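Notes follow once the structure below has been shown.
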2 protein chains.
Amino acid sequence: MAEQEISQQAPVQETTEQKIFDAAHELFVQKGLDGAKMQEIADKAGINKALLHYYYRTKEKLFEMVAKAIIHQGVPVFRKKLESDKPLEEKIAEFVDSYIDLIRLNPFMPVFIISEMNKHPQHFFEKIMPAELPKPQKFIRQIEEAVAEGRIRPVNPQHLVVNIMALCAFPFVARPMMQMVLGLNAHEIEAFFKQRKTEVTEFIFAALRPES
Amino acid sequence: MAEQEISQQAPVQETTEQKIFDAAHELFVQKGLDGAKMQEIADKAGINKALLHYYYRTKEKLFEMVAKAIIHQGVPVFRKKLESDKPLEEKIAEFVDSYIDLIRLNPFMPVFIISEMNKHPQHFFEKIMPAELPKPQKFIRQIEEAVAEGRIRPVNPQHLVVNIMALCAFPFVARPMMQMVLGLNAHEIEAFFKQRKTEVTEFIFAALRPES
DNA sequence: CGAGGAGTTAACCATACGGTTAAAATTTTT
DNA sequence: AAAAATTTTAACCGTATGGTTAACTCCTCG
């Protein structure tokens, strides 16, 4: 479900601008704004450092473009799911499904966002995040209705929203730690992430079953 | 419950070494290894830059000491809770309780660990993490037993462990985002975090109720 | 008192870094 | 093919950065 067809790099005839962008993408994601160096990006792109400034004026601008691209890859997914007209149960299942799909395609994304958002919150919300970021009001109203109707256990809707996001995203940001603590090798962790979707969905629905 | 008495800085007669350490702590946590600059640390400590190198030979060494201190603040809490002899239900409740307490005392900790762990995994696990990090084997066995006895719904124990950690830690690392998405002001977010402990505990227990 | 050591400082050093310049190479336009 | 515009490069610039040096202060102890 929700397996998008994202042209998985066709290195046919990549333009220089693209090569720079890709190199910057990889390094910014891996090392952050401060950790990634312009020379390093130039080397990885296989070009002269001056070209970075020719295409993207400054490091900050280059970073902004990369960060925006990353954010804008996720935002529409959220918006679509949060604002859909589907009934609550279906909505939750779809949300978990496409959220985990999204992260599995770009496992670095949550760490990148969390790091940069916490390190430079002002810059992040003023220059990178779109002004109209998806709001879960409709989702929250649906939760309130379901509670009122007794269809689900009484829960605080805001906490539920956070819980869902936490269950989806956290394993990816804590991956190295998990791997260490649970003692999993590469294969096992891969299997773990494969199971994750169903396990999370079942966990949430179980937590929402009405009492008695 | 579990409100430790941690001598909340007594700035009576702080030694220079301590002043440096504290300044480094604050800046490394806030900006990471790459983002924090030695001059900045010296300024914040109110001393000459050469003194940094007098007490802590290099930036890396200083960082290691700070990072170790942060890690070693949390590890014993984990170990104690994970290896206790209490029955499962109690254990989960206590784990959530002291985990959230721990993070509320140092809300920066999870972001710091996640950032640095993902940015320099090798350095992190070789030089900073203690060799004998707490393992949840006993906890996992207890879960398996509870499932076998039908006391809780059948769940994959590893996923449950991850779920618990996710529900506790994630809100703190995603705090700025949450604040934005849920549209909370400083007071409201404070209230949110106060409710968090009970909400998470109830959520987990609800998810573990046996079926039918 | 005065020698020795710990603590502290200003000045300095080499390199790394983000960014610029001017000219060369390449492509596009006419 | 010449002119114009675009792309690429090597060399350079000023500053920031991690780190060092050597001298100076201050306290301790014989």
Side-chain angles (χ1 to χ4, degrees), chain A residues 11-69 112 115-116 119-120 122-124 126-128, chain B residues 11-69 112 115-116 119-120 122-124 126-128:
Chain A
V12 194
Q13 221 181 6
E14 220 179 3
T15 162
T16 298
E17 199 173 348
Q18 260 302 321
K19 280 195 298 191
I20 293 175
F21 188 88
D22 292 346
H25 191 286
E26 187 173 336
L27 285 171
F28 277 139
V29 156
Q30 197 183 117
K31 310 193 171 187
L33 172 57
D34 303 309
K37 308 299 172 183
M38 292 299 263
Q39 186 59 61
E40 222 183 341
I41 296 174
D43 292 347
K44 169 148 285 184
I47 48 96
N48 190 290
K49 184 166 64 101
L51 268 185
L52 300 186
H53 296 93
Y54 177 72
Y55 285 105
Y56 309 86
R57 312 246 320 159
T58 67
K59 191 187 186 185
E60 268 66 33
K61 293 236 198 306
L62 176 53
F63 179 79
E64 269 175 38
M65 306 214 65
V66 170
K68 269 185 187 157
F112 174 78
S115 297
E116 297 304 325
K119 228 164 270 179
H120 321 281
Q122 194 172 342
H123 179 260
F124 185 83
E126 280 175 12
K127 303 246 172 132
I128 293 171
Chain B
V12 194
Q13 221 181 5
E14 220 179 2
T15 164
T16 299
E17 199 173 347
Q18 261 302 321
K19 281 195 298 192
I20 294 174
F21 187 88
D22 293 345
H25 190 286
E26 188 174 335
L27 285 171
F28 277 139
V29 155
Q30 198 183 116
K31 310 193 171 187
L33 171 58
D34 303 309
K37 306 299 171 183
M38 292 299 260
Q39 186 60 60
E40 223 183 341
I41 296 175
D43 292 348
K44 169 149 286 186
I47 48 95
N48 190 289
K49 185 166 63 104
L51 269 184
L52 298 187
H53 296 93
Y54 178 72
Y55 285 105
Y56 308 86
R57 311 247 319 161
T58 67
K59 191 187 187 187
E60 268 66 32
K61 291 237 198 307
L62 176 53
F63 179 80
E64 270 176 37
M65 306 214 66
V66 170
K68 269 185 188 156
F112 174 77
S115 298
E116 297 305 324
K119 228 165 269 179
H120 321 282
Q122 193 171 343
H123 179 259
F124 185 83
E126 280 175 13
K127 302 244 174 137
I128 292 170

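Remember, it's a predicted structure, so these values are computed and weren't measured experimentally. To find a chain, count down the sequence lines: A is the first, B the second, and so on, and within it residues start at 1.
A/His120 and A/His123 have perpendicular rings, their planes meeting at more than 60° on a 0 to 90° scale where under 30° would count as parallel. Relative orientation of the A/Phe28 and A/Phe63 rings is perpendicular, given thresholds of 30° and 60° on the angle between their planes. Ring pair B/Tyr56/B/Phe21 is tilted by interplanar angle, where 30° to 60° counts as tilted.
Once rounded to the nearest 0.5 Å, the distance linking NZ of A/Lys59 with CG of A/Leu62 reads 9.5 Å. Taking CG from B/Asp34 and CG from A/Leu33, the interatomic distance works out to 10.0 Å, rounded to the nearest 0.5 Å. The CD1 atom of A/Ile41 sits 10.0 Å away from the NZ atom of A/Lys31 when rounded to the nearest 0.5 Å.
Considering only heavy atoms from C-beta on, B/Asp22 stays 4.5 Å or farther from B/Glu26 through its side chain.
Phosphate proximity of D/dT7 to A/Thr16: absent, as no side-chain N or O sits under 4.0 Å from OP1 or OP2.
Comparing D/dT8, D/dG19, D/dT9 by their closest approach to the side chain of A/Tyr54 singles out D/dT8.
In this structure, A/Lys37 atom NZ and D/dT17 atom P are separated by 9 Å, rounded to whole Å. Per the geometry, CD belonging to A/Gln39 stands 14 Å off P belonging to D/dA11, to the nearest Å. Rounded to whole Å, atom P of D/dA11 lies 16 Å from atom CG of A/Leu51. Rounded to an integer number of Å, the gap from CE of B/Met38 to P of D/dG19 is 5 Å. Residue A/His53 contributes atom NE2, which lies 15 Å from atom C1' of D/dA10 at whole-angstrom precision. When the P atom of D/dA16 is taken as reference, atom CG of B/Asp34 falls 19 Å away, rounded to whole Å. A straight line from NZ of A/Lys59 to P of D/dT15 spans 19 Å, rounded to a whole angstrom. Taking atom CD1 on A/Ile20 and atom P on D/dT7, their separation rounds to 11 Å, with Å as the unit.
Counting atom types as modelled, B/Lys49 pairs a side-chain N or O with a base atom of D/dG19 as donor and acceptor under 3.5 Å.
Residue A/Tyr55 is classed as a sugar-phosphate contact, given heavy-atom separations below 4.0 Å to backbone atoms only.
For DNA chain C, the contact window with chain B, defined by any atom under 4.0 Å from a protein heavy atom, covers C/dA6 to C/dA10 in 5' to 3' order.
If B/Arg57 and A/Ala50 are placed on DNA chain D by their nearest nucleotide, the residue sitting closer to the 5' end is A/Ala50.
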